[in-house]
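In what follows, chains carry the letters A, B, and so on, assigned in the order in which the sequence lines appear, proteins first and then strands, with residues in each chain numbered from 1.
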Protein chains: 2
Amino acid sequence: MAGITLQEVSRRAGVSTATVSRVLNNSPLVHPDTRRRVLRLIKQLNYHPSPTARALARARTQTLAVLFPGIASGFYSEVLCGMDDVASERGYHLMIAFSHGPQDQEELFIRCLRERRADALVVLNLNPPDALVRAATAHETPVVFIDRPARGRRISCVQIDNETGSVEAVRHLAAHGYRRIAVLSGPTDSFDAQQRLAAYRQAMREHGLPVTSELVWQGAFTEESGYAAVQRWLKRNRSLPDALFACNDAMAFGARQALQERGLNLPMVGFDDCETARHLGLTTVHVPMRQMGRWAVELALAWIEGAPNEGVPDRVVPTRLVVRESCGCARKGVKV
Amino acid sequence: MAGITLQEVSRRAGVSTATVSRVLNNSPLVHPDTRRRVLRLIKQLNYHPSPTARALARARTQTLAVLFPGIASGFYSEVLCGMDDVASERGYHLMIAFSHGPQDQEELFIRCLRERRADALVVLNLNPPDALVRAATAHETPVVFIDRPARGRRISCVQIDNETGSVEAVRHLAAHGYRRIAVLSGPTDSFDAQQRLAAYRQAMREHGLPVTSELVWQGAFTEESGYAAVQRWLKRNRSLPDALFACNDAMAFGARQALQERGLNLPMVGFDDCETARHLGLTTVHVPMRQMGRWAVELALAWIEGAPNEGVPDRVVPTRLVVRESCGCARKGVKV
DNA sequence: CTGAAAGCGCTAACAC
DNA sequence: GTGTTAGCGCTTTCAG
C-alpha cells in the first residue's frame, strides 16, 4: 500500500510520465486508446497522485487557510461549515488556525501569507491594523476578510448588513410603543459594532425617539460586558428604560442575567441569532453565518482561479429580525 | 517578496545547500562561524523555507487532519480549540474536513489516509464500521478516534468517562428523593449512549430504584428526539415520572420544550454541559471538550513522533456533575 | 565540518 | 499525440 508513483504507472503502461500526467490532468492531447490504457492501470494499481508533489510542482496547494480569533463559539463553527460546503465541492481543503492573543494574530497573518501553505487566506473577525492589510497586498496570496471592510489587489471582504437588521430591531421595539430604547453597544474598534450603533441612532431619530447619552451603554460583545452594563445602570438609576437593543446576543444574555437576578425584566432584542437565542426565546437579528462562510470561500476561489486582473466584488449578507418572546410579544412567533 | 530560496541563500553565503539545510535543521555538524554567517544572511534576506518543498523531501507535512460529522455545533469548536492549543504549540497545522452524510464519511476517511496530506488523522464522533478501522491499520497514517473505542497499530482513542457522570447524575436525582427516574437514551449505535444507559441502569439498581421498560425513552441525541419522546409519553400516560436523566443536553432541551408547551415541568439533568445548558440553568454532566481535543492531538503526535513500535495508550476524559436549577434544586449552585 | 549529487513525485516546456 | 528533459525547493546519503 505504500507509495505507488506516477513514474511506476508510466513504466508499467509503457508510456512517458508526461503522458500519465496528461491523463491525470485531463489534457486533450492524449490518444483515447492511450488514455484508456493508462486509466485502467491507474485504477488497477489503485494509484493516487501525491498532493504534496503536486503542490510543489504546480505551486498550488488546493488549500485555504482560515484565521479565527482564539475563542470557541458556535458562531464560528457555523461559518466554518459554510466554508466547507463550497471548498469541498470545489476540491479545496480547509486549514485552520486560531490566533492566541492579539499580537499573535499579526504574526499568524503574516506567516500564513509568506509560507504559501495555502492558496488563499480567509480572516474571520480579526482586526489587523490597516498597515497589515496593506502589507497583504505585497504577497501573492489573496485574502478575504469577514466582518471587516477591506479592498485592494487580491483583497475582498464579506460583511454583514448591520443597518437593515438594526433598523428593523428598533422599529420593532418602537412599534410596541417603547420610547426610551437603550442600546448596548459593542467594542468601538469593531466595524459591526459601529454600524449597528449608527443604525440604532438613525432609526431612533426616524421614529422621533430621543437618544440621550445615558441610553447608550458601552459593551464589548461579551456576556460579562452586558451583565456589567446593566449593573452600572441599576446602580445609578431607579427606573429601567422601556426596552433594550443589544448589539449582539452574548451581551443580551449577560444583561438578561443581571436583570433576572434582581427579579427584573426588560424587553430586548439581540443580534446574531446564535443557537442559545432560540432556546432562550430571544428576539434577535438573524445573521446567516453559513452563508458568510460560503461567500467568503467563493470570493477566495474567485481570486485564485479568476483572471489575474479581474477584481472580485465584496459581498454583504442580509439580516432579518426574528421575533421571539424577549421583546415583550405575548407569544412566540407574534409578528408586529 | 516573491520566493527567495534556500539555494539563493547558499549561493550568497558561499556555502552548499546542504550546509544551509543543516543550519535550518539545527544540525550540530556546522561550524559556529558558518552557522552565524548563514543565519545572518537568512535574516537579512528574510528567507523562510518552503513548507511544501519540505513536505515533499521529508515526507512529513506537519499537518493533522480532523474529520467532523457534518453538523455545526459549539461542541466541536471547543474540541477544535483544544486541538489547536497543542498542535500550534508543537508546530503542527490543523486541516479540517466535514463528512457530508454517512457514506461520504467513509470515503473521506479513506482519502485522508491515502493522500498523506496529513501526518495523522483525528476522527471525531464519526462511527466508521469496524472494517474501516481495520483498514486504517494498513496505512502509515496514525489515527486517533474521539468518542469511539479503537485500538491497534497506529490507532488509539480518547473517550469520555460516561459512567462516572451518569452515576453521579442518577445519584443526585435519587438524593432528592425521586424514585421514578426516567432516562432519555441516545442512538443505539453510539458508544457514549450505550455506556450512559448502562450506567443509569446500574446506578438505579444500586439505589434500589426500579427500572421498568417504560422508564427508558428512546432518543437520538437530537433536540427533536427529546421533544418527541416527551410527546409520546404524554400521549400514553397521565403522570410524569419523578425526574429525567437525558443522555445529552440537546435532548434535555427538546424535552424541556415539550413539557413547557403544556405548562409542565420535570426535574432533569443532561449530559455534555454545552453553552446553552448554562444559560438555561440545566443541571448536567460536564464533559471537558477542550481537554478531549488536546489529548487527541497529543496521542496523534505521540504516534507520529514516538518510537516506531511504542504503543500509545488511550485516554479517558473525566466527567463531573454540574448542579444548576433544572434538577429541582432551589438555587443555582446548591449541592446535594 | 563541508560539498556534490541524487532524489522526493509531479508538471510543463520544448522537441519530434 | 508522445517523449525528453528540466525543474519545483528542500533533505540526505556519501565522500572527503
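- Counted by atom type alone, A/Asp104 and A/Ser99 present zero donor-acceptor pairs between their side chains at under 3.5 Å.
- Looking at heavy atoms from C-beta onward, B/Phe98 lies out of side-chain contact with A/Ser88 at the 4.5 angstrom threshold.
- Between B/Arg54 and D/dC10 there is no side-chain N or O to OP1 or OP2 distance below 4.0 Å.
- Rounded to an integer number of Å, the gap from CD of A/Glu115 to P of D/dG9 is 15 Å.
- Atoms CZ (A/Arg36) and P (D/dG1) sit 13 Å apart, rounded to a whole Å.
- Each of C/dC8, D/dG3, C/dT11 was ranked by its minimum atom distance to the side chain of B/Ala57; first place goes to C/dC8.
- Residue side chain A/Arg22 reaches the base of D/dG3 through a donor-acceptor N/O pair under 3.5 Å, judged by distance alone.
- Heavy atoms of A/Val15 sit under 4.0 angstrom from primed sugar atoms or phosphate atoms, though from no base atom.
- The listed nucleotides are C/dC10, C/dG9, C/dT2; the one nearest the side chain of A/Pro49 is C/dC10.
- A straight line from CD of A/Gln7 to C1' of D/dA6 spans 14 Å, rounded to a whole angstrom.
- When the C1' atom of D/dC8 is taken as reference, atom CG of A/Leu56 falls 4 Å away, rounded to whole Å.
- The distance from atom CG of A/Leu29 to atom C1' of C/dC14 is 13 Å, rounded to the nearest whole Å.
- The pair B/Arg90-B/Glu298 does not meet the salt-bridge criterion, since no charged nitrogen lies less than 4.0 angstrom from a carboxylate oxygen.
- A donor atom on one side chain and an acceptor atom on the other are not found under 3.5 Å apart for A/Asp85 and B/His100.
- The separation between B/Leu6 atom CG and C/dG3 atom P is 13 Å, rounded to whole Å.
- Each of C/dA12, C/dG3, D/dT2 was ranked by its minimum atom distance to the side chain of A/Val30; first place goes to D/dT2.
- Between D/dG3 and A/Thr19, a contact under 4.0 Å exists linking OP1 or OP2 to a side-chain N or O.
- Going from atom OH of A/Tyr47 over to atom P of C/dG9 covers 10 Å, rounded to whole Å.
- When each of B/His31 and B/Ala53 is assigned the nucleotide of DNA chain C bearing its nearest heavy atom, the one mapping closer to the 5' terminus is B/His31.
- For A/Arg58 and C/dA12, the CZ to P distance is 7 Å, given to the nearest whole Å.
- A sub-4.0 Å separation between OP1 or OP2 of C/dG3 and a side-chain N or O of B/Ser16 is present.
- Base contact: B/Thr17 has a heavy atom under 4.0 Å from a base atom.
- Residue B/Asn25 has its side chain nearest to D/dT11 when only D/dT11, C/dG9, D/dT2 are considered.
- Ion pair A/Asp84/A/Arg294 not flagged as a salt bridge, since none of the NZ, NE, NH1 or NH2 atoms sits closer than 4.0 Å to an Asp/Glu carboxylate oxygen.
- At the heavy-atom level, A/Thr52 lies nowhere under 4.0 Å from the strands shown.
- As judged by a 4.0 angstrom heavy-atom cut-off over every strand, B/Ser21 is placed among the base-contacting residues.
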- Would A/Ile96 and A/Leu80 count as a side chain to side chain contact (heavy atoms under 4.5 Å, CB included) if you check the C-alpha gap in whole Å, the side-chain angles of each, and the deciding distance to 0.1 Å? CA-CA 9 Å; A/Ile96 64 166; A/Leu80 206 53; 4.1 Å; yes
